[in-house]
Peer 1: 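Just passing along the structure, written as structure tokens.
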Amino acid sequence: MAGILQDKVALITGGASGIGRATAVAMAREGARVAVSDLSKDGLEATVAMINAQGGQSIAIAGDVTAEADVANMVARTISAFGRIDCAFNNAGVAPRSVGPAGQRTHELSQSSVATMLSVNLMGVFLCLKHEIGHMLARGGGGAIVNTSSIAGLIGLATSAHYVAAKHGVIGLTKSAAIEYAQDGIRVNCINPGYIQTPMTKETMEARFDEIMAKVPMRRLGIPQEIAEAVVWMCSEKASFMTGASHVVDGGYSAA
Ligand code: NAP
């Protein structure tokens with residue numbers, strides 16, 4: 001039986017690890033040819049090897065989502081390898097502890113850590129949208145894009161003001177683009193994961209697992225595959241009336 005992304009071409013950022021890798025593998029399983037991008041070359045090659053081992057087609061494109069030339073190159077190389085882009089998952093991101101000391105309240109954050117956070121988690125999504133949509137319009141419209149926000153895009157979180165601001169911003173970009181391109185057949189949505197077991201959350205979970213799990217009705221971390229399945233569906237024709245939406249997958253965190 002054909003997969004729900006049969007004959008589609010997908011571009012994924014942050015695909016060397018965690019949620020991006022799981023989504024690349026799931027998209028390939030559903031029949032998509034997948035261009036996987038990330039900063040990390042080694043992790044990228046491992047994702048591509050996983051996809052090729054299951055009989056899929058995939059290429060690795062190293063690049064930094066904060067550099068417009070790199071983003072333009074990701075789009076151009078995907079088109080040159082596979083002919084087009086139908087689906088995009090703009091997912092690369094960093095956690096607060098990657099851009100400065102952990103545990104800082106708003107008045108303690110440095111301008112440079114806030115700038116780095118916004119550059120990767122918000123500007124990076126903007127640059128990807130800009131170049132992906134430019135291509136989709138140039139080939140006559142149609143496409144589905146999912147941006148990675150977070151439950152932090154919907155609520156405040158102490159000691160994460162810059163992360164929260166960036167993830168709220170991703171929802172704003174998503175809604176605006178959804179309105180602008182609806183008549184071009186381009187759907188733009190975002191996924192809002194709760195706490196997921198990836199390298200990004202490893203240190204936080206080592207330090208605060210019990211405290212955080214007390215707030216999750218399911219009392220466990222999600223796994224990357226549980227986000228991937230939702231993203232695959234959102235990129236597929238099965239989600240044909242969904243645009244401008246924020247889709248929460250969080251074990252009940254934001255319902256509590
Ligand atoms: P992850 O395993 O750390 O994956 C993120 C990937 O993005 C890494 O491979 C990272 O590369 C890459 N990346 C970072 N900066 C980049 C840049 N400038 N250009 C290109 N790639 C870059 O984390 P994850 O948990 O899968 O996170 C994926 C997305 O989900 C992020 O946007 C994150 O904010 C979001 N999210 C995660 C959770 C969670 O609980 N895990 C919850 C809500 C939302 P390096 O490792 O080389 O830096």
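The first residue in the sequence is number 1, and the count goes up from there. Note that this is a predicted model, so its numbers are computed, not measured. Counting starts at 1 for both ligands and their atoms, in listed order.
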Peer 1: Say whether Thr198, considering both its backbone and side-chain N or O atoms, lies within less than 3.5 Å of an N or O atom on ligand 1.
Peer 2: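 Yes.
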Peer 1: Side-chain heavy atoms under 4.5 angstrom apart, residues restricted to Ile, Leu, Val, Met, Phe, Trp, Tyr: same cluster for Val25 and Met234?
Peer 2: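 The answer is yes; both residues are in one hydrophobic cluster.
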Peer 1: Does at least one non-hydrogen atom of Ser149 fall below 4.0 angstrom from an atom of ligand 1?
Peer 2: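 Ser149: in contact with ligand 1 (<4.0 Å).
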Peer 1: Check each of Ile196, Leu221, Val249 against atom 40 (O) of ligand 1 and report the one with the nearest heavy atom.
Peer 2: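 Ranked by closest heavy atom to atom 40 (O) of ligand 1, first place is Ile196.
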Peer 1: What closest approach, in Å, do Lys215 and Ala256 show between heavy atoms, and which atom pair accounts for it?
Peer 2: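 In this case the closest contact between Lys215 and Ala256 is O-CB, 4.4 Å.
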Peer 1: Side chain, backbone, both or neither: which applies to Asp64 and ligand 1 if a contact is any heavy-atom pair less than 4.0 Å apart?
Peer 2: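 Both of them.
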Peer 1: Tell me, please: is Ser37 in heavy-atom contact with ligand 1, that is, under 4.0 Å?
Peer 2: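 Per 4.0 Å heavy-atom rule, Ser37 does not contact ligand 1.
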Peer 1: Students should be able to answer this: which protein heavy-atom is nearest to atom 19 (N) of ligand 1, and at what distance?
Peer 2: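 Checking every protein heavy atom, the shortest distance to atom 19 (N) of ligand 1 gives Val65 N, 3.0 Å.
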Peer 1: For ligand 1, is any non-hydrogen atom under 4.0 Å from Val94's backbone (N, CA, C, O), its side chain (CB onward), both, or neither?
Peer 2: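 Only the side chain of Val94 comes within reach of ligand 1.
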Peer 1: When Asn91 is tested against each of Thr23, Asp38, Asn147, Thr148 for side-chain hydrogen bond (donor to acceptor under 3.5 Å, both in side chains), which residue passes?
Peer 2: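 Of all the options given, the one that passes is Thr148.
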Peer 1: If the contact criterion is a heavy-atom separation under 4.0 Å, does Gly194 count as touching ligand 1?
Peer 2: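 Contact present.
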Peer 1: Should the proximity of Val120 to ligand 1, defined as any heavy atom under 4.0 Å, be assigned to the side chain, the backbone, both, or neither?
Peer 2: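 It is the side chain that gets close, since no backbone atom is under 4.0 Å.
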Peer 1: Mind checking whether Lys167 contacts ligand 1 via backbone (N, CA, C, O), side chain (CB onward), both or neither, at a 4.0 Å heavy-atom cut-off?
Peer 2: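 The answer is the side chain.
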